[in-house]
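One structure below.
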Protein chains: 2
Amino acid sequence: MTLKASYEHVGCDDCPIRHRAVCAHCEKDELEELEAIKYYRSFEAGQTIIWSGDPMSFVGSVVSGIASLTQTMEDGRTQMVGLLLPSDFVGRPGREAAPYDVVATTDLVMCCFRRAPFEEMIATTPHIAQRLLEMTLDELDAAREWMLVLGRKTAREKIASLLSIIARRDASVNRKGLSGPIAFDLPLTREAMADYLGLTLETVSRQISALKKDQVIQLEGKRHVIIPDMRSLLDEAGDDSDGGFLV
Amino acid sequence: MTLKASYEHVGCDDCPIRHRAVCAHCEKDELEELEAIKYYRSFEAGQTIIWSGDPMSFVGSVVSGIASLTQTMEDGRTQMVGLLLPSDFVGRPGREAAPYDVVATTDLVMCCFRRAPFEEMIATTPHIAQRLLEMTLDELDAAREWMLVLGRKTAREKIASLLSIIARRDASVNRKGLSGPIAFDLPLTREAMADYLGLTLETVSRQISALKKDQVIQLEGKRHVIIPDMRSLLDEAGDDSDGGFLV
DNA sequence: GTTTCCACTTGATCTCGGTCAAAGCAACTG
DNA sequence: CAGTTGCTTTGACCGAGATCAAGTGGAAAC
């Protein structure tokens, strides 16, 4: 088996995700050490992987499918606080309990590491702590960008923001460009989108219909989305920080 | 000068914050190394410390006063995405540019470290990367808790949530308990509160008046808040995760 | 002392998105 | 095949919060 150690050389024979998620810049020895504590888990759509408050026995990354981090109030109001797409990392090294539910939104495969030995590695391997810090800062930036969406954007802008995020992620995973028309399958139900956007599912449905009527997006069936022009979608999102994605 | 190295022994002669923020568990040598690259900066209320997109030349922590992280859309809509109280850390090791504005909400003193040498220390000192990772995870948790507030709570619940967060922070900084009545000064204008909560300042004002009328809080002047019973405030906040603060 | 300013309050009205209800539609099931 | 189930759409109505507009009160400035 060939071990690839740099961020660019993503992927080894059996786990295309792992290196990218936690091992960029690792040395060969470290990868072999990780190999020893690695295992896979599958989940069905709708299954809760970790309940809020539960002890977490593992960390890991999403191989395929989608997971979400959700918080729920006693009366049932639900807010999704994170969307985990393939290659995203799950887990809080150094934390005993999960602060929110982790739910498999679609069928899901994860590549896991048992927590205790993983934390030992962090303690002894400076690279990994630094890499995790970098990843956590990325998550923090994403969470804060989403706070702007939740706090200040209109329903239409929220939908456009979500669609452009999914389009970007889809493009970067499948190494597609963002210049021409973009097509992808929505991995979320209307209800899941509503929970992410702080809306009701009816409003989500109405706004998607409106964007379709206004030619900003096209729909094939309920889930397959075509974006004729990414720029006009970003306009709708009110997004100044298009982050040079369209250069 | 006495150097205090553990988390409990917060504070040295001239910088009560620094150790707590970045040096928990540090060795004496490291503290002296930090000492060499440390300096103070003062800002006036309303002053922008770092503009979104600017290169960041330093990291540091708040000594006194309040700073906020804000994002703004072209049309002026503003969302505060973070509230920095004394002892909070500012900066993204490893990042060139700031992703949002950092603004002094009140007069402010910060204890800064020049970024380049600080990052060198991170690279060579495993403790610090781990400590920063822990702090960043805390910030991430706070940001995600706030996403629930922004996405799903009513105006009244939002106000109650903000007040209880400030009350908690104030109590922990000033080593007060949370069992009896609690009193503190609001460090934010109505407008700043609105920007944090995703509301307008008029709604903030109305809801504060309503909470006052319903005896959940008392006001002396515009800013001095008295909370007769923390439990009823948390009830208003709809907060199941009172985090055992009232045990 | 009164003027100005700023943060705040209060009121009247409007609107976006929530709520409630019905119905469409594709995929299964027996 | 009819019947169920889950996801989605659409319509009618309503209300929380936004918007627009005065007005209050206290502290600094002249």
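All chains are named by letter (A, B, ...) in the order of the sequence lines, taking the proteins before the strands, and each is independently numbered beginning at 1. What you see is a predicted model, and the numbers here were worked out from it, not measured in a lab. Note: hydrogens, waters and symmetry copies are ignored here, and every other heavy atom, side chains too, is used.
As a whole-Å value, the separation of Arg223(B) CZ from dT9(C) C1' is 14 Å. Rounded to an integer number of Å, the gap from CG of Leu219(A) to C1' of dC7(D) is 14 Å. Here the P atom of nucleotide dC16(C) and the NZ atom of Lys158(A) are 14 Å apart, to the nearest Å. Rounded to a whole Å, the CG atom of Leu201(B) is 12 Å from the C1' atom of dT10(C). The interatomic distance linking Glu44(A) (CD) with dG6(D) (P) rounds to 15 Å, in whole Å. Between the P atom of dC25(C) and the CD atom of Glu220(A) lies a distance of 18 Å, rounded to the nearest Å.
Looking at Ser68(B) and Thr105(B), their side chains do bring a donor and an acceptor atom within 3.5 Å of each other.
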What one-letter contact string describes nucleotides 12-28 of chain D from 5' to 3', where B marks a base within less than 4.0 Å of any protein heavy atom, S marks contact via sugar-phosphate atoms alone, and - marks no contact?
B----SSBB--------
Criterion salt bridge (charged side-chain N to carboxylate O under 4.0 Å, His left out) on Asp88(A) and Arg169(A), from CA distance to verdict
CA-CA 11 Å; Asp88(A) 281 339; Arg169(A) 282 296 303 253; 3.4 Å; yes
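Under the ring pair (Phe, Tyr, Trp, His ring centres under 6.0 Å) criterion, the residue pairs touching residues 195-217 of chain A are Trp146(A)-Tyr196(A), with sequence neighbours excluded.
Side-chain atoms of Gln71(A) and Asp101(A), non-hydrogen and from C-beta on, never get closer than 4.5 Å to each other. Side-chain atoms of Asp195(A) and Gln79(A), non-hydrogen and from C-beta on, never get closer than 4.5 Å to each other. Side-chain atoms of Met110(B) and Val63(B), non-hydrogen and from C-beta on, never get closer than 4.5 Å to each other.
An OP1 or OP2 oxygen of dT10(C) is reached within less than 4.0 angstrom by a side-chain nitrogen or oxygen of Ser209(B).
Within 4.0 Å (heavy atoms only), Ser205(A) reaches at least one base atom of the nucleic acid.
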